[in-house]
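Data block below; observations after.
Bear in mind the structure is a predicted one, so any value in this text is a computation, not a measurement. Residue numbers run from 1 in the order of the sequence given.
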Amino acid sequence: MKHPIPFQCIDWNTIAVTEHPGITGTAWWQTLQHPGLRIRIVTYSPGYLADHWCKKGHIVHCLEGSFISELETGEEYELQQGMTYVVSDEWSTHRSRTELGVKLLIIDGDFLQTP
């Protein structure tokens with residue numbers, strides 16, 4: 001492992017919230033950053049639509065609510081509470097939207113890079 005991470009418990013109540021506006025709606029991020037690894041709790045407001053198309057890889061787990069992951073190809077995938085998607089960097093261009101709001105656990109980092 002390039003950057004070992006010691007055992008730690010994360011109390012999300014102590015992690016600052018940052019606000020990120022979408023085309024519509026707002027995303028609120030709580031971010032824990034390690035070298036080569038980012039772990040976030042992300043909440044999208046009702047009516048949220050991401051303001052960009054993303055090529056980064058992620059592991060996205062839906063904690064509450066539901067959302068649509070749109071691919072630039074026109075495909076759409078609805079993820080509901082308890083569902084997860086995984087994608088490597090540069091393997092799909094995607095963005096998120098939600099009608100009613102959603103809370104996600106998102107993990108990304110160097111381990112998702114493609115050779």
Side-chain angles (χ1 to χ4, degrees):
M1 183 176 237
K2 294 178 184 178
H3 304 283
I5 299 169
F7 178 88
Q8 65 185 129
C9 293
I10 303 166
D11 180 355
W12 290 103
N13 295 312
T14 67
I15 306 295
V17 176
T18 59
E19 189 172 299
H20 304 265
I23 291 174
T24 57
T26 303
W28 294 277
W29 298 9
Q30 292 173 276
T31 305
L32 182 64
Q33 185 72 56
H34 288 283
L37 176 67
R38 180 173 66 170
I39 304 168
R40 296 178 287 163
I41 297 290
V42 176
T43 303
Y44 297 147
S45 69
Y48 177 80
L49 173 61
D51 67 345
H52 67 283
W53 289 96
C54 181
K55 293 183 180 188
K56 293 290 292 175
H58 311 284
I59 299 170
V60 178
H61 181 73
C62 186
L63 298 169
E64 298 172 6
S66 66
F67 75 107
I68 302 290
S69 185
E70 301 177 355
L71 304 187
E72 199 172 42
T73 61
E75 297 169 85
E76 294 186 351
Y77 298 91
E78 181 177 5
L79 281 84
Q80 299 175 357
Q81 182 175 333
M83 296 177 71
T84 304
Y85 82 73
V86 179
V87 65
S88 292
D89 288 355
E90 306 294 331
W91 273 81
S92 74
T93 303
H94 53 277
R95 69 178 178 183
S96 297
R97 75 172 196 266
T98 180
E99 184 176 323
L100 300 176
V102 69
K103 185 174 186 177
L104 307 169
L105 172 65
I106 304 176
I107 300 170
D108 43 43
D110 294 348
F111 67 99
L112 292 168
Q113 293 176 349
T114 52

Heavy-atom check, side chain of [X] versus side chain of [Y], under 4.5 Å:
X    : Y    : result
I5   : L37  : yes
V102 : C62  : yes
I39  : L105 : yes
L100 : P46  : no
I23  : R95  : yes

hydrophobic_cluster_shared for [Y] and [X], side chain cutoff 4.5 Å:
X    : Y    : answer
I15  : I107 : yes
I106 : V17  : no
L104 : L71  : yes
Y77  : W91  : yes
I10  : I41  : yes

Residue set satisfying ring-ring contact (aromatic ring centres under 6.0 Å, His included) with H20, at least two apart, ordered chain then number -> W29
Look at atom CH2 of W12 and say whether more than 12 heavy atoms of other residues, nucleotides or ligands are closer to it than 6.0 Å.
-> yes
Quick check for you: to the nearest 0.5 Å, what is the distance between [X] atom [atom1] and [Y] atom [atom2]?
X   : Y   : atom1 : atom2 : result
S96 : H58 : OG    : NE2   : 7.5 Å
R97 : E76 : CZ    : CD    : 4.0 Å
K56 : S88 : NZ    : OG    : 10.5 Å
H94 : Y85 : NE2   : OH    : 4.0 Å
L32 : D11 : CG    : CG    : 11.5 Å

I would like to know whether D108 and R40 meet side-chain contact (heavy atoms from CB on, under 4.5 Å); could you show each step before the answer?
-> CA-CA 9 Å; D108 43 43; R40 296 178 287 163; 3.2 Å; yes
Using modelled atom types only, decide if a donor and an acceptor are shared between the side chain of [X] and the backbone of [Y] within a distance under 3.5 Å.
X   : Y    : value
E64 : K103 : no
T24 : G47  : yes
E70 : G74  : no
T98 : S66  : yes
S45 : T26  : yes

Will you find, in the side chains of E75 and T73, an N or O donor that is under 3.5 Å from an N or O acceptor?
-> yes
With under 30° as parallel and over 60° as perpendicular, where do the rings of F67 and Y44 fit, or are they tilted in between?
-> perpendicular
